[in-house]
Amino acid sequence: MLELLLCSILTVFPDYLYRRFAQDKRIGREITLFSVWYELRWGITACVMLTVALITVIFYFHPSTTSATLYFRTVPIVPETIGRVASVHADFSAPVQKGEVLFRLDSSKQEAALEAARRKVAEVDAALVAAQADVLKADAQIQEAKSAYRQAAEELDVKRELQKRNPGIVPQRDIEKLEVAATGRQASVDAATAAHQSIMARVTALLPAEKASAEAALAQAQVDMDKTFIRAGVAGRVEQFLLRPGDVVNPMMRPAGILIPEGAGRRRLAAGFGQIEAQVMKVGMVAEATCISKPWTVIPMVITSVQDYIAAGQFRGGEQLLDAQQAMAPGSILVVMEPIYKGGLDGVTPGSRCIANAYTSNHDLIAAKETGFLMGLWLHAIDAVGIVHAMLLRIQALLLPVKTLVLSGH
């Protein structure tokens, strides 16, 4: 309607002035309700054509959408294991801090495993103390075996020396017995040394490995125990948290609740524009938005991202061929906007539906030396007609509460 009134001022109104003052025709006599078309046919025709052209230029170069929303992502509250709820520490709707315990699962099985792991570590420590005592015992046995061997070897040497000086003074049988005894004592020394090495290997390698394994099992048991305490992964707010003691939660099938991260849905606005504006939408374009949760307010925005793909065209490969006629309604160009001024989205409820306009700016092209006069004039006209869409957005912002509260039968 605004475009039609603007075009009428430039077409129908001058045509009427020409008929009234140049041709001296008056409304109610020569210009009647039945002769309006014939008398003002040129102005009406030009008005319709100019209105269509103006609307096309405005909606193409300065696109608008009512599909703008402050989307926000929620974090499901799920445990890593299946379990029965033992206690709940969060309310139905309440703010939470990162790391705060939301609820606890029954941990009797994990507590038993943790205690068994602790006992195993203590058992290895006790075995290590006993092995160190065995080391001292093995050292004493080595000394004892060496002393016995040294005694037998010295006695054998004395007998051999006597036999060498006075042959026949020492029976050969006694020398053989001493040789056998010395060999046995040497074997005892070797056996004691081997036992000492075995005990040392147990003290320095086997038992430390067993202790490390036991400590790893203890750490795993502690991790399993900690998993029974479900904590908030991020700071935010739990909503509709209806979990109660005795409920069974399953990480694959039944989340315990929803956690909304702090600041979610308060940083950017996602809007869907028509596919025909794909060549117009650019990063850096100035935009405006008005939201129903913050009426009578126009928020200055800037486009920070334009999605290169249309979600309606995606498909997942399967066992059936793709039929293009089965496609849903045409998709839109997803555009992400952020407020120009800090805190621009304060007071806008996350998830709120908004109306958004984007405005084309040709300032750089107009200022370029290679741009001619006619092209510059045309670009000036494109930028100028954006004010019409800005006025429409402000009218929508003004009437949106009335439309919602009065005209919608609220």
Side-chain angles (χ1 to χ4, degrees), residues 68-125 211-270 291-294 299 336-339 342-354:
T69 306
L70 277 80
Y71 291 101
F72 60 94
R73 189 178 183 276
T74 59
V75 178
I77 303 174
V78 292
E80 296 186 27
T81 58
I82 301 175
R84 187 175 298 278
V85 178
S87 60
V88 179
H89 303 275
D91 295 332
F92 174 80
S93 175
V96 295
Q97 300 298 323
K98 183 178 180 180
E100 183 177 341
V101 177
L102 302 179
F103 64 94
R104 183 178 64 86
L105 299 178
D106 179 54
S107 58
S108 56
K109 180 179 179 181
Q110 288 79 5
E111 289 175 357
L114 183 61
E115 183 62 26
R118 289 172 179 166
R119 297 288 183 181
K120 182 64 177 177
V121 173
E123 180 182 348
V124 175
D125 289 336
K211 183 176 182 180
S213 178
E215 289 176 345
L218 177 62
Q220 180 62 43
Q222 185 63 52
V223 169
D224 294 338
M225 181 66 183
D226 293 339
K227 288 181 179 179
T228 61
F229 292 86
I230 287 72
R231 304 175 183 272
V234 295
R237 189 179 187 86
V238 291
E239 291 291 347
Q240 303 180 11
F241 191 66
L242 296 173
L243 199 65
R244 292 294 178 267
D247 290 347
V248 177
V249 291
N250 189 326
M252 300 298 296
M253 299 177 58
R254 187 181 179 186
I258 295 296
L259 172 62
I260 303 176
E262 186 177 356
R266 303 183 186 274
R267 295 186 178 90
R268 56 186 61 90
L269 178 70
C291 302
I292 186 61
S293 59
K294 192 176 182 181
I299 306 171
V336 177
M337 305 177 182
E338 294 185 6
K342 184 178 180 180
L345 292 176
D346 292 348
V348 181
T349 305
S352 176
R353 295 297 298 270
C354 304

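Numbers here simply count residues along the sequence, with the first being 1.
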Next on the checklist: Evaluate Asp106 against Thr228 for side chain to side chain contact (heavy atoms under 4.5 Å, CB included), listing each step before the verdict.
Outcome noted: CA-CA 7 Å; Asp106 179 54; Thr228 61; over 6 Å; no
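- Summarising the geometry of Leu243 relative to Val88, their closest heavy-atom pair is O-CG2, 3.6 Å, with the distance given to 0.1 Å.
- Residues Phe72 and Ile260 have side chains in contact (heavy-atom distance under 4.5 Å, counting atoms from C-beta outward).
- Atom CD of Gln97 sits in a sparse spot, with 12 or fewer heavy atoms from other residues, nucleotides or ligands closer than 6.0 Å.
- A salt bridge is absent between Asp346 and Arg266: the closest approach of a Lys/Arg side-chain nitrogen to an acidic carboxylate oxygen does not fall below 4.0 angstrom.
- Side-chain contact check for Phe241 versus Ile77: some heavy-atom pair is nearer than 4.5 Å.
- With 3.5 Å as the limit, one finds a donor-acceptor pair spanning the side chains of Glu239 and Ser93.
- Residues Phe229 and Phe103 are not in side-chain contact: their nearest non-hydrogen atoms beyond the backbone lie 4.5 Å or more apart.
- Looking at heavy atoms from C-beta onward, Thr74 lies out of side-chain contact with Leu259 at the 4.5 angstrom threshold.
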Next on the checklist: Between Gln222 and Arg118, is the side chain to side chain contact (heavy atoms under 4.5 Å, CB included) condition met? List the steps.
Outcome noted: CA-CA 10 Å; Gln222 185 63 52; Arg118 289 172 179 166; 4.1 Å; yes
Checklist entry - Given Leu105 and Ile230, is the side chain to side chain contact (heavy atoms under 4.5 Å, CB included) satisfied, shown in steps? => result CA-CA 8 Å; Leu105 299 178; Ile230 287 72; 3.8 Å; yes
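- Taking every heavy atom of both residues into account, Ala221 and Leu114 meet most closely at CB-CA, 3.6 Å.
- Put simply, the side chain of Ile258 does not reach to within 4.5 Å of the side chain of Val75, judged on heavy atoms.
- Between the side chain of Arg84 and the backbone N or O of Gly246 there is at least one donor-acceptor pair closer than 3.5 Å.
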Item to check | Steps toward side chain to side chain contact (heavy atoms under 4.5 Å, CB included) verdict (Ile299, Val348) | outcome: CA-CA 10 Å; Ile299 306 171; Val348 181; 3.9 Å; yes
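- In this structure, Ala90 and Val238 approach most closely via the heavy-atom pair CB-CG2, 4.4 Å.
- The shortest distance between side-chain heavy atoms of Val78 and Val249 does not fall below 4.5 Å.
- Exactly one of Gln110, Lys109, Glu111 qualifies for a side chain to side chain donor-acceptor pair (under 3.5 Å) with Ser107. That residue is Glu111.
- Using a 3.5 Å distance cut-off with no hydrogens or angles, the side chains of Ser293 and Ser352 do pair a donor with an acceptor.
- A salt bridge is defined here as a Lys NZ or Arg NE, NH1 or NH2 lying under 4.0 Å from an Asp or Glu carboxylate O, and Arg119 with Glu115 meets this definition.
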